[in-house]
Amino acid sequence: MVNTIYIEEKIRTFDRTKKILSKFKNSRHIYIKQYSEIFNIKNQNFRIQKSNPSLILAFKHNNYVLNTPEGFGIGSKKNYYFSHMYNCIYDCRYCFLQGMYSSSNYVLFVNYENFLEKIYKIIEENKNEELTFFSGYDCDSIALEKITGFVSYILPKIICKKNSLFEFRTKSTQLEPFLKHQPYDNIIIAFSLLPEELASKLDHRTPSIAKRIISIKKLSLSGWKIGLRFDPLIYHENWEKNYEKLFQQIFLNIDVRNIHSISFGSLRFPKKMFKKINKMYPEEKLFSYDFEIRQNYLSFNERLEKEMIDFCKSIVEKNSKNIPVFSCTPF
Ligand code: SF4
């Protein structure tokens, strides 16, 4: 899966580095001073590199936990995110990472302890506030778990933290770290979903929607709280029929009492990123839509977006009036 692993000298002797390297029997190891030497090289081709990405093991020095962008949240006043990785093993056509980074190599920061310290510090400084921490902003939080062990490390240390919700957002079906534990109400495993008709065209290399729903069912039967994330919500031919079918599949399989929340997010691309992504996939039908520009983002027009959200909300309400619904858009 990974032919070349770059390793920062600083973490060469870390136990976690050795453990991760032991999982790759035949990879070539190259020692470097800083991950940016490789990751930030100019004129890399994200799309070509994506067919055979390298892994870069690195030490993160700062910015372990950041504020989420405006409008991103599921009810708490203060919202943060943390990413133990940059980039993702999946290849969704609408993914903003391909517009953000020039490299599709995976960077894995192995000093997990520093992320945890910063999370504890924020909780300590905000004792009287409700906080939500999101894992999986610059990566999928669980997809590479067999290699990283990040969730297994952090989960036992954040359960039961007062006033703090933690959301692990994913398209993965790697559930072991959760199934090994009893469920805790402050942990949400949130799945990104699209109608299968779209996912099969846009969510490359991801588990199918049917497989994701089986995973959601397993987790919810074990008592874990589930987040359902329709972010991005995508307009397409027969969108009403397809989203209705998706919700039917979900509500047929999942006990609504274990759904923590549902959120909708618009398909949105910062203007500059859109240019870059569109250039990578000029044949992609999704990018040929006549998007509207709103606050420096390209997205579907406001009326259409509202129509889609209202339509989906009405299906949710028909099935349950008690599921909190949120909108995650910067507009
Ligand atoms: S799962 Fe998320 S992070 Fe990974 S490629 Fe898809 S959109 Fe990007």
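Note that the structure is predicted; figures quoted are calculated from it, not measured. In each ligand, atom 1 is the first atom listed, and ligand 1 is the first ligand listed.
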Is any N, O or S atom of Cys95 under 2.8 Å away from atom 8 (Fe) of ligand 1?
yes

Among Phe96, Phe168, Phe82, Tyr80, find the one that has a ring pair (Phe, Tyr, Trp, His ring centres under 6.0 Å) with Tyr137.
Phe96

Looking at non-hydrogen atoms alone, which of Lys171, Arg205, Arg169, Gln98 comes nearest to atom 7 (S) of ligand 1?
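Ranked by closest heavy atom to atom 7 (S) of ligand 1, first place is Lys171.
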
Just wondering, do Glu8 and Leu57 contact through their side chains at under 4.5 Å, heavy atoms?
no

May I ask you to say whether Lys121 pairs ionically with Glu124, meaning some side-chain N is under 4.0 Å from a carboxylate O?
no

Identity and separation of the nearest protein heavy atom to atom 4 (Fe) of ligand 1
Cys88 SG, 2.3 Å

Taking atom 6 (Fe) of ligand 1 as the reference point, the nearest protein heavy atom with its distance:
Cys92 SG, 2.3 Å

With Glu240 via salt bridge (charged side-chain N to carboxylate O under 4.0 Å, His left out) - residues at least two apart
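Applying salt bridge (charged side-chain N to carboxylate O under 4.0 Å, His left out) to Glu240 gives none.
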
Pi-cation contact, Tyr153 with Arg16 (under 6.0 Å, within 45°)
yes

Determine whether the side chain, the backbone, both or neither of Leu97 has a heavy atom under 4.0 Å from any heavy atom of ligand 1.
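It is the side chain that gets close, since no backbone atom is under 4.0 Å.
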
